[in-house]
Amino acid sequence: MTDRVVTALQALVRIPTVSDRDASRIDTDAFDRLLAELATQFPLLHERLELTRVGTHGLLFHWAGASAEKPVVLMAHLDVVPVDGEAPWQHDPFGGEIHDGAIWGRGTLDDKGCVAAICEAVESLLEAGQTPAQDVWLSFGCDEEVSGTAAPEAVAVLRDRGVTPWLVLDEGGAIAGGAFPGVKAPLGVIGVTEKGTTSLELVAEGRGGHASTPARNGPTARIARAILRVEKSPFPASAPAPTLELMRRLAPHLPLPVRPLLGRADQLAPVITRVLLAAGPEAAAMTRTTVAATTLSGSPALNVIASTAKAGLNIRVMVGDTVAGVVDHIRKAVADESIRIDVVESGEPSPVSPMDEPFQLVEACIGEVFPEAIATPYVMMAATDSRHFTAISEHVYRFAPFRMTKAQRQAIHSYDEHIGVADLVDGARWYQLLIERLPHD
């Protein structure tokens, strides 16, 4: 297992399958080569599983099990985000090189590591002549990073075939080290819901003109003021049920003075909320809808006053909030009727999946492969393709079975992304165990 899954991930990383919202800018040849490489690395999977192509390069494999009563969908995505050429990568981001016991490169964690580990698990079971207890579907999207159409198309295929997944598992959580202040053990965080992703654009317009004769309150000044007003008007904070359960599970692992507090998290939600708000940006984001001003545009030249200034806001909508409520909050915070608010992308938060038998299977497999970890539900901050699968299944979870330090988590969508060789191997072992433990009717 070790050599093949490592070699496979190295090969996948070396193919720059960068997605883009503009289809004309996508290197389709790279995606073609990636699909060919997958077939080379995992021949039995491609020979014995039924394949349906979705989107431009998305893959939906069907592995018939002994029963089709409780089908399972294992998800990952083939595309990656671009690499900033100015970022100080220690190693070639598309080199797939091994240094210090780790494979380095874009996609090692997000999300080609999961692709390789899932395929390795299936290939190994096929080699051993095993048949899963339940139907297994592998859904590999090709445009997750740009909120593309492959995942919704995969959902449509499954719906047309009458498939109601008993369990859907996508990227998201991890075996996260250093995830919570005061807790030494890593957390095996399983996303039972995810925030909605919504993007707004603030637009201010004016006459523009020569920079030598500036007027007060021009478009750029109004946009700057609007951003500051939004930042000074945070959304109300509260701890949703999955976060309170996370706190309750952490209680035995915290210093004695705070154990009783967190042990009664469900009864002390306001106090828990204040604790999280004080624990830093990662913890605070678990309690409220967040807003980040991400893109800015104004004048095309240093000596020209902008006639139009814009600011992009990326908003992660908390469970319990709505996109309509978010837009209303931003409009009240900006408090400037001359600024237009355009909704660029709209996404509601996902339903909360129950912590019943499918969740317990994921939890049990974490306990067996990663006994050092505290398995717990949580609210995922980012968006995954799995949000589309909530339309056909109420058991949608987000967990990548890899150990990740805080530095590794920060490297996702940034520089120096890498995964430990041993961690990749354990991840493949985890997927194999999950398939082997699927329930018999």
Side-chain angles (χ1 to χ4, degrees), residues 9-10 12-21 25-27 30 76-117 141 143-148 170-180 186-187 189 191 194-195 197 199 279-286 290-296 312-316 345 378-385 398-421 423-424 427:
L9 180 55
Q10 287 180 285
L12 299 183
V13 169
R14 288 169 184 151
I15 303 172
T17 47
V18 177
S19 53
D20 197 292
R21 293 182 187 274
R25 298 173 59 183
I26 296 174
D27 182 358
H77 61 87
L78 307 169
D79 60 319
V80 298
V81 295
V83 168
D84 179 358
E86 302 300 315
W89 283 80
Q90 295 183 53
H91 308 288
D92 180 358
F94 292 115
E97 301 170 13
I98 295 179
H99 297 277
D100 303 319
I103 306 167
W104 293 69
R106 174 64 82 227
T108 48
L109 294 175
D110 185 19
D111 186 31
K112 292 178 179 179
C114 283
V115 174
D143 49 16
E144 190 270 354
E145 296 292 5
V146 294
S147 301
D170 199 2
E171 62 168 340
I175 304 298
F180 196 85
L187 307 187
V189 285
E194 61 185 55
K195 287 184 167 184
T197 300
S199 296
E282 227 178 357
M286 297 166 62
T290 59
V291 185
T294 52
T295 61
L296 293 168
L313 304 181
N314 187 263
I315 301 171
R316 302 302 166 121
E345 179 184 9
Y378 87 118
V379 176
M380 187 176 168
M381 317 300 179
T384 70
D385 271 345
R398 299 109 180 136
F399 174 72
F402 303 131
R403 298 180 190 89
M404 295 186 199
T405 64
K406 188 171 185 178
Q408 283 175 297
R409 299 195 298 277
Q410 291 173 337
I412 295 172
H413 285 211
S414 184
Y415 62 90
D416 281 350
E417 187 178 349
H418 64 282
I419 185 171
V421 168
D423 300 327
L424 175 64

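Values reported hereafter were calculated over all heavy atoms of this structure, with side chains retained and with hydrogens, waters and symmetry mates removed. For clarity, every value in this text was computed on a predicted model and none was experimentally measured.
Listed by chain and residue number, nothing satisfies the salt bridge (charged side-chain N to carboxylate O under 4.0 Å, His left out) test with Glu145 (two or more places apart in sequence, or in another chain). Scanning for salt bridge (charged side-chain N to carboxylate O under 4.0 Å, His left out) contacts around Glu417 gives Arg106, with sequence neighbours left out. Scored by the ring-ring contact (aromatic ring centres under 6.0 Å, His included) test, His77 finds no partners at all (sequence neighbours excluded). Checked against salt bridge (charged side-chain N to carboxylate O under 4.0 Å, His left out), Arg403 has the following partners two or more places apart in sequence or in another chain: Glu372, Asp423, Asp426. Every residue two or more places apart in sequence or in another chain that forms a side chain to side chain contact (heavy atoms under 4.5 Å, CB included) with Arg409 is listed here: Ala176, Ala179, Glu282, Met404, Lys406.
Taking every heavy atom of both residues into account, Phe399 and Val189 meet most closely at CD1-O, 3.3 Å. Heavy atoms only, all atoms of each residue included: Phe94 and Val80 are closest at CE2-CG2, 4.4 Å. Annotation for Ala76 and Val115: closest pair CB-CG2, 3.5 Å, computed over non-hydrogen atoms. The nearest pair of heavy atoms linking Asp385 to Gly141 is OD2-CA, 4.1 Å. Between Pro16 and Ala30, the closest heavy-atom pair is O-CB, 3.7 Å. When all heavy atoms of Ser19 and Val146 are compared, the pair lying nearest together is OG-CG1, 3.8 Å.
Leu9 places a side-chain heavy atom less than 4.5 Å from the side chain of Leu424. Between Val421 and Ile103, some side-chain heavy-atom pair lies under the 4.5 Å cut-off. Within the 4.5 Å cutoff, the side chain of Cys114 has heavy atoms near those of the Phe402 side chain. In this structure, Ile98 and Gln10 have side chains that are in contact, with non-hydrogen atoms separated by less than 4.5 Å. Taking 4.5 Å as the limit, some side-chain heavy atom of Asn314 sits within range of a side-chain heavy atom of Thr197.
Side-chain atoms of Glu194 never come within 3.5 Å of backbone atoms of Met381 as a donor-acceptor pair (strictly under, hydrogens ignored). Listed for the Thr108 side chain is no donor-acceptor partner under 3.5 Å among the backbone atoms of Gly113. The backbone N or O of Thr17 lies less than 3.5 Å from no partner atom in the side chain of Asp79, so there is not a single donor-acceptor pair. In terms of modelled atom types and a separation under 3.5 Å, the side chain of Arg14 and the main chain of Gly95 share a donor-acceptor contact. The main-chain N or O of Gly107 is never found under 3.5 Å from a side-chain atom of Lys112 such that the two would form a donor-acceptor pair.
Taking the charged nitrogens against the carboxylate oxygens, Arg398 and Glu171 have no contact shorter than 4.0 Å, which rules out a salt bridge.
Between the CG atom in Asp170 and the CG atom in Asp111 there is a gap of 6.5 Å [rounded to 0.5 Å]. In this structure, Leu78 CG and Ile15 CD1 are separated by 10.5 Å, a value rounded to the nearest 0.5 Å.
Ring-plane geometry between His91 and His99 is classed as parallel, the angle between the planes falling under 30 degrees on a 0 to 90 degree scale with a further cut at 60.
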Give the intermediate values and the outcome of side chain to side chain contact (heavy atoms under 4.5 Å, CB included) for residues Thr290 and Arg316.
CA-CA 5 Å; Thr290 59; Arg316 302 302 166 121; 3.5 Å; yes
Could you pull out all donor-acceptor pairs under 3.5 Å where a side-chain atom in residues 82-90 meets a protein atom, sequence neighbours excluded?
| from | atom 1 | to | atom 2 | distance (Å) |
| --- | --- | --- | --- | --- |
| Asp84 | OD1 | Glu86 | N | 2.9 |
| Gln90 | NE2 | Asp416 | OD2 | 3.1 |

